Amino acid sequence: MTDSQRGLEAATGDWPRALFAVALLFSSFQIITAAFHPVSTQVLRSVHVGFLLLLVFISFPTLGKGRPWPPLGWLLGLLGMGTAAYQWIFEAELIQRSGELTDMDMYVGIALIVLVFEAARRVMGPALPLICGLFLAYGLLGQYLPGDLMHRGYGLDQIVNQLSFGTEGLYGTPTYVSATYIFLFILFGAFLEQAGMIRLFTDFAMGLFGHRVGGPAKVSVVSSALMGTITGSGVANVVTTGQFTIPLMKRSGYRAAFAGGVEATASMGSQIMPPIMGAVAFIMAETINVPFFEIARAALLPAMLYFGSVFWMVHLEARRAGLKGLSRDECPNPWQALAARWYLLIPLLVLIGLLFSGRTPLFSGTVGLALTAMVILGSALILGVSSKAMRLVFWIVLGLLCAGFFRLGISVVFGVIGLLVLACFWVKGGRDTLRLCLHALVEGARHAVPVGIACVLVGVIIGIVSLTGIASTVAGYILAVGQDKLLLSLVLTMFTCLVLGMGIPSIPNYIITSSIAAPALLDLGVPLVVSHMFVFYFGIMSDLTPPVALACFAAAPIAREKGLKISLWAIRIAIAGFIIPYMAVYDPALMLQGDSLWATAYVVTKALLAIGLWGAVFTGFLWLPLNWLERLLGFGAGASLILATPLSDELGFGLLLAWLLLHGLRARRHP
């Protein structure tokens, strides 16, 4: 095994035993604390951060892609765990002397800050640490700045107290969300992936759409949308479903850049697809103090419009290029695929039901994860039994035992899982299932590292912003620029999100812009959820926009095409992602924030027409290739339908009718 294979990028089966054991211990700790709450929230956050630091330092090298030097890696990792132990052991004393740090408190606090910055640099590169470093420098030296940016000045002890102790810095809301909701849902997705959910989604999409016009690209869109129901990571979606869909699209005649653009665009949409969405959605719910159900509800229609528009663009491109679908022989039967793995849908459906019934994400995630483990272990025991009656009885009994959870508590579920684990030791294939579950636990810890480290480091921004009050100053500037000009403020906020996204992931992007720009939008009359969703959407779109375009560059080696060319296609395919946030601001009914179903139906109809028009304009085809006049007229009609100014709807519908007549008559003359 090469050195580079030993890091977190290698398959979990190739990991060194110590790394595997740490990751397994990390996941076990998270499950136990989620189920039984044996420690305070402060200890939970600090141990979560300690495990993240330990995993990073024993797996990521200081520079390059080699293997970290073990003595240094373990020294730094254990030092990170030591900061967690300090918070746990001296928890009561730290609370009693809050704000008055001892020398040892200072040493531990400074060590924690340095370790978090270094861990983030190793995992994500220098961009995010540099941005957070600027905020840290502002907290220490901002009293020397001119004008409104100057603050009253803070000592090193105040900065260390703000960032390293309490819940307003490194242990702030994002870290709490990472240590609870996000980790559970990552584990949930890891278990389902290990059990074959990706194969189920791909086969189902392939069977339904593979034989249709442009079938392979439609498979990519549908499978990515389905993947979004169990995982909220866009880049991870690219490298999983993309391994299958991009080569398939290329073999069917799609250009490499277009194939990569379709996969990148569809995969990034997984972050806005309920029920799970991306990690940002959980942070948003906690930040603005609304139930996660409200966030998922607001995202539902925009997500459907987003994937609908990508599907439409794919269809038009296939029609324009004369591409056919696959033969039916190459496509699996979707219903047979569903019949073979139907039991994997049970935890997902239960999770959706719990989330949309108003249960907390922590409760829903715990139940969903436990149910997933029970379904996987139970299927290993019973699927080999030939009698359908026995299988039915088994699932009914297992379901009744699960139902006991609501009356007798989580201990019942853990007891059932323990019995299933013991039974798997004596059943043929059962030990393979147990091995799968172990690897799912480790896989979950692997996926949690980049998300968790980003959540911890952005605590620097939250801590400095809350300490200095810089957010109100910047919001004042935005309000001054956008006074009576909401569109200008929206455009400024959009460009802020896109520029920040060139170097940092969507989580810190959202934290920065939501703490600075979202309050300004709220003061301009934009509803609370809509203002934060606006920031959220463009933070995601930044992964598709050049020059960085992280999702597109992840697709580049699979497509064997330049990431920039893929990005240029992706922003055309994802045009709905740039339209929908503006429409929602001007008409919040699009995010179900209005009181009238009629208003929602009307704005959805406008959105569908605008997306349909712009899809034809940007692909240059509907019934036949569009000429320059039709493109110009179609663009104007779509823009008018998006705007909410007086008479814009009437103008948009009029231009749409004229466009249809013009293009339709030309199509009749040239069939």
Side-chain angles (χ1 to χ4, degrees), residues 27-37 177-198 200-201 226-233 236 270-271 273-279 281-282 285-286 291-293 295-297 299-300 341-379 395 398-418 420-421 433 436-437 439-441 443-445 447-448 451:
S27 291
S28 302
F29 169 80
Q30 294 291 160
I31 292 172
I32 291 169
T33 52
F36 299 106
H37 313 290
V177 175
S178 172
T180 51
Y181 316 153
I182 294 175
F183 199 99
L184 280 179
F185 282 94
I186 287 174
L187 271 181
F188 177 77
F191 266 84
L192 287 178
E193 283 182 34
Q194 290 283 330
M197 187 65 108
I198 295 175
L200 170 60
F201 285 157
L226 292 172
M227 276 289 290
T229 61
I230 65 167
T231 175
S233 173
S270 66
Q271 295 188 69
M273 173 59 80
I276 292 180
M277 305 172 64
F282 295 103
E286 200 71 25
F292 177 77
F293 161 72
I295 304 295
R297 192 172 73 104
L300 183 60
R341 291 186 174 87
W342 64 270
Y343 55 89
L344 294 178
L345 296 175
I346 296 173
L348 182 60
L349 294 174
V350 170
L351 177 68
I352 293 171
L354 289 173
L355 282 173
F356 280 78
S357 68
R359 301 277 188 171
T360 66
L362 185 60
F363 178 88
S364 305
T366 304
V367 173
L369 180 59
L371 191 56
T372 304
M374 292 171 70
V375 165
I376 292 172
L377 294 168
S379 62
W395 289 117
L398 197 60
L400 291 173
L401 289 172
C402 290
F405 159 74
F406 292 97
R407 286 186 172 273
L408 303 175
I410 194 68
S411 299
V412 173
V413 175
F414 273 80
V416 173
I417 292 174
L420 291 173
V421 168
T433 302
L436 178 148
C437 291
H439 283 281
L441 289 169
E443 195 75 39
H447 291 318
V451 176

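Predicted model, so just to flag it, every value in this text is computed and none were measured.
Within the 4.5 Å cutoff, the side chain of Q30 has no heavy atoms near those of the L184 side chain. The shortest side-chain heavy-atom distance between E286 and Y181 falls under the 4.5 Å cut-off. With a 4.5 Å cut-off on side-chain heavy atoms, V451 and F183 do not count as touching. Within the 4.5 Å cutoff, the side chain of V367 has no heavy atoms near those of the L351 side chain. A heavy-atom distance below 4.5 Å is found between the side chains of L345 and L200.
Between M374 atom CE and I346 atom CD1 the span is 10.5 Å, to the nearest 0.5 Å. Summarising the geometry, atom OG1 belonging to T366 is positioned 10.5 Å from atom CG belonging to L187; distances are rounded to the nearest 0.5 Å. Expressed to the nearest 0.5 Å, how far CG of L300 lies from CD1 of I295 amounts to 13.0 Å. Note that CZ of F191 and OG1 of T372 are 8.0 Å apart. Values are rounded to the nearest 0.5 Å. A distance of 10.5 Å separates CG in L436 from CD in E443, rounded to the nearest 0.5 Å.
Residues A448 and I186 approach most closely at CA-CD1, 3.8 Å, considering heavy atoms. The minimum heavy-atom distance between I376 and C437, with the atom names listed, is CG2-SG, 4.2 Å. The minimum heavy-atom distance between L441 and S27, with the atom names listed, is O-OG, 2.6 Å. Closest of all the heavy-atom pairs between A281 and F292 is CB-CE1, 3.8 Å. The minimum heavy-atom distance linking G444 with A190 is given by the pair N-CB, 3.9 Å. Nearest heavy atoms, L192 versus L344: CD2-O, 3.8 Å.
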- Query: Can F185 and F282 be said to form a ring pair (Phe, Tyr, Trp, His ring centres under 6.0 Å), step by step?
  - Reply: CA-CA 10 Å; F185 282 94; F282 295 103; 4.8 Å; yes
